[in-house]
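We name chains A, B, ... by the order of the sequence lines, and we start the count at 1 in each one. Side-chain atoms are counted along with the backbone in the values below, which use heavy atoms only and exclude waters and symmetry mates.
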Amino acid sequence: LAKTTQPISMDSYEGQEVNITCSHNNIATNDYITWYQQFPSQGPRFIIQGYKTKVTNEVASLFIPADRKSSTLSLPRVSLSDTAVYYCLVGDTPGGYNKLIFGAGTRLAVHP
Amino acid sequence: DVKVTQSSRYLVKRTGEKVFLECVQDMDHENMFWYRQDPGLGLRLIYFSYDVKMKEKGDIPEGYSVSREKKERFSLILESASTNQTSMYLCASSQQGAGYGYTFGSGTRLTVV
């Protein structure tokens, strides 16, 4: 299983860009990198997924270097409502079952 | 909008009771998962299923069983509830194959007294 390491917590202010980096040194060739967001008392919500280079959607960007041993989630111009826990996951796909293992996540606090 | 629905948002049960947590998805996903989430421990995988009547143990299956009789429904069963099973339980589903994200339900907060 490819494990991930990400900061336990981060602080930011409204309007700033936030970058959360995740390391996954043992990522396998077939693994995708996925980020989830979780608010208190809710299930995690899918944010973005990528395999290599850069992926962008309406919520965030995901930067993945060529060696794929790390990835960076970028949240542009955060607001108070972006305060949440963010999980970086690397897909474990035995037989294509796409079983994901969650780490501790990064607790992002956005301040006024 | 696609959904994963968990039957109860909050549940209180007594020690020794048999508890059923139900999860239904409307996306025709092959894979379904049960996690529990506890403060300081994150999300831990209990069981998962990749097809009807198929199941695989996750990281913490002890004290739990599952049932998947229909593709859209995945049930978690606590055979004899104990206080250490007080937790937030999260169900998720995903499409078969690499590169697909999970869709989670809103969770069931179970308290065993």
Side-chain angles (χ1 to χ4, degrees), chain A residues 1-9 22 27-53 55 57 59-60 62 64 68 71 73 84-107, chain B residues 1-6 9-10 21 23 25 27 29-51 54-61 68 74 87-111:
Chain A
L1 291 177
K3 293 189 176 180
T4 61
T5 302
Q6 54 184 122
I8 293 174
S9 63
C22 177
I27 190 169
T29 303
N30 293 334
D31 285 343
Y32 281 69
I33 300 155
T34 312
W35 286 79
Y36 288 83
Q37 174 192 57
Q38 187 179 26
F39 299 112
S41 299
Q42 293 186 26
R45 182 176 74 101
F46 172 88
I47 300 175
I48 197 167
Q49 186 175 71
Y51 184 81
K52 61 180 179 181
T53 62
V55 180
N57 62 22
V59 176
L62 179 60
I64 305 167
R68 303 199 331 121
S71 59
L73 174 73
V85 178
Y86 292 82
Y87 295 95
C88 164
L89 295 95
V90 173
D92 173 33
T93 57
Y97 305 150
N98 201 26
K99 184 178 75 169
L100 295 178
I101 304 298
F102 283 77
T106 297
R107 190 172 299 275
Chain B
D1 196 15
V2 294
K3 280 187 177 177
V4 175
T5 304
Q6 294 184 231
R9 192 80 172 96
Y10 298 95
L21 301 183
C23 175
Q25 51 98 1
M27 297 163 283
H29 283 171
E30 294 87 357
N31 303 330
M32 296 188 75
F33 308 83
W34 275 105
Y35 288 85
R36 65 177 281 179
Q37 185 171 30
D38 301 287
L41 296 176
L43 283 88
R44 293 180 290 168
L45 182 62
I46 305 172
Y47 266 98
F48 65 103
S49 169
Y50 49 89
D51 201 353
M54 305 301 287
K55 60 184 179 183
E56 292 284 341
K57 293 180 179 179
D59 300 317
I60 51 164
R68 193 164 181 203
F74 192 36
S87 186
M88 168 71 90
Y89 289 87
L90 290 158
C91 175
S93 72
S94 75
Q95 196 168 336
Q96 193 76 272
Y100 293 103
Y102 286 11
T103 301
F104 279 87
S106 297
T108 296
R109 186 165 294 281
L110 172 68
T111 301

**Q** For A/Tyr51, which residues count as a ring pair (Phe, Tyr, Trp, His ring centres under 6.0 Å) partner, sequence neighbours excluded?
**A**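 A/Tyr32.
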**Q** By a 4.5 Å heavy-atom criterion (distance strictly below it), what part of B/Arg9 contacts chain A: side chain, backbone, both, or neither?
**A**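 Just its side chain gets close to chain A.
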**Q** If you count heavy-atom pairs within less than 4.5 Å of chain B, which of A/Ala104, A/Gly43, A/Pro44 leads?
**A**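 Highest number of heavy-atom pairs under 4.5 Å: A/Pro44.
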**Q** Heavy-atom distance under 4.5 Å to chain A: side chain of B/Gln6, backbone, both or neither?
**A**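 Neither; nothing under 4.5 Å.
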**Q** Verify, without hydrogens or angle tests, whether A/Arg68 (side chain) and A/Asp31 (backbone) share a donor-acceptor contact under 3.5 angstrom.
**A**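 Checking the backbone N and O of A/Asp31 against the side chain of A/Arg68, a donor-acceptor pair under 3.5 Å is found.
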**Q** Which region of B/Leu90, side chain (C-beta onward) or backbone (N, CA, C, O), has a non-hydrogen atom less than 4.5 Å from a non-hydrogen atom of chain A, or is it both or neither?
**A**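 Just its side chain gets close to chain A.
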**Q** Indicate yes or no: at least one non-hydrogen side-chain atom of B/Cys23 is less than 4.5 angstrom from one of B/Trp34.
**A**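 Yes, at least one pair of side-chain atoms sits under 4.5 Å.
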**Q** Quick one: does any side-chain atom of A/Tyr87 pair with a main-chain N or O of B/Gly42 as donor and acceptor, under 3.5 Å?
**A**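 Side chain of A/Tyr87 to backbone of B/Gly42, a donor-acceptor pair under 3.5 Å: no, none is there.
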